[in-house]
Structure formats: C-alpha cells, structure tokens
Colleague: 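Let me begin by handing over the structure; questions about it come next.
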2 protein chains.
Amino acid sequence: MNIGEVSTHTGLPAKTIRYYEDINLITPLRDDNGYRRFRDQDIHKLNFLGRARALGFTIDDCRTLLALYEDESRASADVKRVARDHLAQIDAKISDLRGMRDTLSHLVDACAGDDRPDCPILKDLGSKA
Amino acid sequence: MNIGEVSTHTGLPAKTIRYYEDINLITPLRDDNGYRRFRDQDIHKLNFLGRARALGFTIDDCRTLLALYEDESRASADVKRVARDHLAQIDAKISDLRGMRDTLSHLVDACAGDDRPDCPILKDLGSKA
DNA sequence: CATAAGGGTTCCAGTGACAGGAAGGTCAAG
DNA sequence: CTTGACCTTCCTGTCACTGGAACCCTTATG
C-alpha cells in the first residue's frame with residue numbers, strides 16, 4: 001500500500017504518517033521509485049497510534065505503549081501505570097478547565113451584552129484578584 | 001519598578017513580561033541604563049493579562065480584550081461575544097477530555113496490573129475500533 | 001580599588017505534534 | 001505526449017512561552 005491508501009484506511013493524514021516515520025515510530029519499506037510501501041504490521045501500528053493519540057497519550061507515551069505492545073513478556077502493570085498516569089493528567093486538565101468554565105460562565109451570565117460599555121467581564125479581569 | 005519587582009507583584013515570570021513587550025501587549029518605558037521601567041498602567045495591564053490567560057484566553061483574545069478594556073465607548077456585547085466563544089471552546093475541550101477519560105478509566109479498571117502480559121488496554125489499542 | 005553577587009539586557013534555540021507549501025519526480029489514462 | 005493525481009524531500013510556521021549563553025549595571029564588601 002502507498003501512503004494515500006494507508007491514509008484513507010487509518011484516517012491519519014499522510015503528513016502525520018510521514019512524521020511518524022521521521023521520529024521512528026514506524027519504518028515502512030521503500031519501492032524502487034522511492035515511494036513508501038506499508039506492510040500489514042505498519043498499518044496495524046498506525047491504527048494503534050491513532051487510537052492511542054485519540055485517547056490523548058503523548059507521542060512519548062505512544063512509543064512506550066507500542067514497545068510494550070510488541071513485547072510478549074511485558075507485565076500488564078507497566079501498561080497500567082502509563083495509563084493511570086495519563087488518566088491523572090486528564091483529570092487534572094478537566095478540573096483546570098472546569099474552574100475556568102465556572103468563573104467564565106458566571107461572568108458571561110452577568111454581562112448584559114448590549115451597546116453599553118459597562119461590563120462585569122472586563123471589570124473582573126481588570127481587578128487584581 | 002524594574003522587571004523583577006513587577007514579576008513578584010504580578011506573579012508573571014520576567015521572561016513572560018519581556019515576551020509580552022515583544023509582541024506589543026505592553027510598552028514599558030526605559031531608563032537611561034536600558035532597564036525597563038514599568039508604570040502603574042503597565043502593571044495594571046499585566047495583571048489583566050495574567051487574569052485573562054488564567055481563564056484560558058489566547059493571546060489574541062487578550063489583545064482584543066485589552067483593546068476593549070481601554071476603549072471607553074466599547075459595547076459590552078463585543079466583550080461578551082469573545083467570552084462566549086471562548087466558553088464554547090472550553091466546553092468542547094472538556095467534553096473531549098471526558099470522552100477520553102471515560103474510555104480510559106474503563107480500560108484501566110479492566111487491567112489487572114500484575115506481572116502477566118495479558119492486558120485489555122493494549123488489546124483495545126490494537127483493535128481498529 | 002578590585003571583586004563578587006545579584007540584578008538587568010539581547011538574541012538564539014527548543015518545546016509538541018504536526019500543517020502548509022514549494023519544487024520536483026512518477027504513474028496511469030486518454 | 002500530455003494531463004492530473006499521486007508521491008518525494010525540505011523548509012517554515014504554529015502557540016506561548018522557557019532555557020541558556022554572553023554580556024552590562026549596581027551595590028556591598030575586603
């Protein structure tokens with residue numbers, strides 16, 4: 001398979017696939033004309049990466065997970081640790097965002113949103129809390 | 001005030017303050033020795049920026065908000081629009097993250113996390129869902 | 001007076017995970 | 001033979017800073 005077809009199959013942009021090769025996440029073969037030729041294992045890896053990235057794992061995490069995936073003698077504890085850490089990060093980010101959202105939605109509600117200049121949003125931002 | 005003192009007062013790193021000058025968010029004066037000299041209005045702006053950034057507004061949004069802040073004849077509707085748009089983005093991000101968290105927490109719960117290689121997390125990532 | 005510590009300055013490079021685009025080679029169809 | 005769709009590499013830009021090098025200014029101390 002050429003990169004275009006792989007892109008369609010995996011849902012990953014060709015740019016992204018090339019990038020993944022660049023950083024040594026995958027190593028497709030090359031045809032005589034220089035085109036990348038993707039084997040089933042490459043496509044499998046790309047699907048793995050797509051899933052992992054969709055769950056918000058960093059590229060570094062993906063590298064670790066991929067290595068564990070291919071290591072038959074791994075301990076599931078190692079996988080779980082990576083996932084649990086990432087879960088904690090996600091939770092932290094969610095709670096950050098919720099804090100912002102709560103403050104911001106109060107401010108938005110309090111703002112008339114008309115032609116007048118008076119605005120609680122700006123008033124809040126302008127006050128050193 | 002010199003940059004160090006301003007940094008302490010505003011809680012912003014000196015690097016960040018210099019960056020904000022670089023991108024023309026603030027324009028402190030200069031002493032004869034080349035040191036930045038910050039007036040009250042500069043510090044006020046920096047506090048504003050700190051608050052706005054803490055609420056997750058982009059630098060571009062901050063620029064807009066700052067301009068509105070200084071425009072006595074603004075319409076609060078303009079402010080509200082910026083804030084509402086940003087709120088929508090935050091909500092979108094939260095729901096993205098919640099989706100990830102739900103999937104991921106199921107997987108983490110399902111994983112034994114022991115010495116054995118069998119792992120539902122990797123199994124899920126490896127299946128093209 | 002020399003010096004050392006603790007400010008300040010500029011400029012350059014790196015971050016993460018790609019995306020956009022230019023310049024050019026390759027392939028199948030008409 | 002040409003057209004258009006594909007592929008290649010390489011360079012730049014994103015966002016909001018952060019780290020570090022190399023150097024200047026100020027104040028206190030031996």
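Every chain is numbered from 1, with letters handed out A, B, ... down the list of sequences.
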Colleague: Would you say the side chain of A/Tyr35 and the base of C/dG25 hold a donor-acceptor pair, judged only by whether the two atoms sit under 3.5 Å apart?
Modeller: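 Yes, a donor-acceptor pair under 3.5 Å.
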
Colleague: Looking at A/Asp42 and A/Arg39, is there a salt bridge between them, counting it only when a charged N and a carboxylate O are closer than 4.0 Å?
Modeller: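 The answer is yes: the pair qualifies as a salt bridge.
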
Colleague: What nucleotide among C/dA17, D/dC17, D/dT8 has an atom nearest to a side-chain atom of A/Tyr19?
Modeller: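 The closest nucleotide is C/dA17.
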
Colleague: Rounded to the nearest 0.5 Å, what's the gap from CD1 on B/Ile90 to CG on B/Leu97? Could you check?
Modeller: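 Taking CD1 in B/Ile90 and CG in B/Leu97, the distance rounds to 11.5 Å.
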
Colleague: Indicate, with a heavy-atom threshold strictly under 4.0 Å, whether B/Arg37 touches base, sugar-phosphate, or nothing.
Modeller: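 If one applies the 4.0 Å heavy-atom cut-off, B/Arg37 turns out to touch nothing in the nucleic acid.
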
Colleague: For the pair made of CD in A/Glu21 and C1' in D/dC10, what is the distance, rounded to whole Å?
Modeller: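 Those two atoms, CD and C1', are 15 Å apart.
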
Colleague: Are there more than 12 heavy atoms of other residues, nucleotides or ligands under 6.0 Å from atom CG of A/Asp109?
Modeller: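 Check passes, neighbour count above 12.
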
Colleague: When you get a sec, tell me which of C/dT9, C/dA17, D/dC10 is the closest nucleotide to the side chain of B/Arg36?
Modeller: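 So the nucleotide nearest the side chain must be C/dT9.
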
Colleague: If you count every heavy atom of other residues, nucleotides or ligands that lies below 6.0 Å from B/Asp102 atom CG, does the total exceed 12?
Modeller: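 Yes - once you tally the heavy atoms of other residues, nucleotides and ligands closer than 6.0 Å, there are more than 12.
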
Colleague: So, A/Ser73 versus A/Asp71: side-chain donor-acceptor pair below 3.5 Å or not?
Modeller: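 Per modelled atom types, A/Ser73 and A/Asp71 side chains form a pair under 3.5 Å.
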
Colleague: Give the rounded distance in Å between these two atoms: NZ of B/Lys93 and P of D/dC15.
Modeller: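 To the nearest whole Å, that distance equals 13 Å.
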
Colleague: Distance check needed: D/dC17 C1' versus B/Leu25 CG, whole Å only.
Modeller: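 After rounding, the reported distance stands at 13 Å.
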
Colleague: Which nucleotide sits closest to the side chain of A/Asn33: C/dT26, D/dT9, D/dT26?
Modeller: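 For the A/Asn33 side chain, the nearest candidate turns out to be C/dT26.
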
Colleague: Picking from D/dT8, D/dC7, D/dT18, which would you name as closest to the side chain of A/Arg18?
Modeller: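 For A/Arg18, the side-chain atoms sit closest to D/dT8.
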
Colleague: In whole angstroms, how far is the P atom of C/dG6 from the CG atom of B/Asn2?
Modeller: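 To the nearest whole Å, that distance equals 17 Å.
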
Colleague: I need the NZ-P distance between A/Lys15 and D/dC10, as an integer number of Å.
Modeller: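 Value for this atom pair: 12 Å.
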
Colleague: Any salt bridge between A/Arg116 and A/Asp118, counting N to O under 4.0 Å?
Modeller: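 A salt bridge is absent here (no side-chain N lies under 4.0 Å from a carboxylate O).
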
Colleague: How long is the line joining CG of A/Asp22 and P of D/dC10, in whole Å?
Modeller: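 Taking CG of A/Asp22 and P of D/dC10, I get 9 Å after rounding.
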
Colleague: Could you please name the option among C/dT9, D/dA16, D/dT18 that lies closest to any side-chain atom of B/Ile59?
Modeller: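 It is D/dA16.
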
Colleague: Let me know the distance between CG of A/Asp31 and P of D/dC7, rounded to the nearest Å.
Modeller: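 About 12 Å, once rounded to whole Å.
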
Colleague: Regarding B/Ile3, tell me which of base, sugar-phosphate or nothing describes its non-hydrogen contacts under 4.0 Å with the strands shown.
Modeller: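 Sugar-phosphate: the residue B/Ile3, judged by heavy atoms under 4.0 Å, touches backbone atoms but no base.
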
Colleague: Which listed nucleotide (D/dT8, D/dC17, D/dA16) is nearest to the side chain of B/Thr58?
Modeller: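 Of the options given, the side chain of B/Thr58 lies nearest D/dA16.
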
Colleague: Please determine, for the side chain of A/Arg53, which listed nucleotide (C/dA17, D/dC7, D/dC17) has the closest atom?
Modeller: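 Nearest listed nucleotide: C/dA17.
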
Colleague: Need one value for B/Tyr20: base, sugar-phosphate or nothing, where a base atom within 4.0 Å counts as base even if backbone is also close, heavy atoms only.
Modeller: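 Sugar-phosphate contact only - B/Tyr20 comes under 4.0 Å of backbone atoms but never of a base.
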
Colleague: What is the distance from atom CG of B/Asn2 to atom OG of B/Ser7, rounded to the nearest 0.5 Å?
Modeller: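 Spacing of CG (B/Asn2) from OG (B/Ser7) equals 12.0 Å.
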
Colleague: Take the C1' atoms of the five end pairs on each side of the helix from C/dC1-D/dG30 to C/dG30-D/dC1, derive the two axes, and give their angle rounded to 10 degrees.
Modeller: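 The end axes of the helix from C/dC1-D/dG30 to C/dG30-D/dC1 are about 30° apart, to the nearest 10°.
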
Colleague: Whole-Å distance between D/dT8 P and A/Leu29 CG?
Modeller: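 Between P of D/dT8 and CG of A/Leu29: 13 Å.
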
Colleague: With nearest nucleotide decided by heavy atoms, which residue, B/Glu5 or A/Thr16, maps closer to the 5′ end of DNA chain C?
Modeller: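 Looking at DNA chain C, the more 5' nearest nucleotide goes with B/Glu5.
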
Colleague: Is a salt bridge present between B/Asp96 and B/Lys93, judged by a nitrogen-to-oxygen distance below 4.0 Å?
Modeller: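 No, no charged N to carboxylate O under 4.0 Å.
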
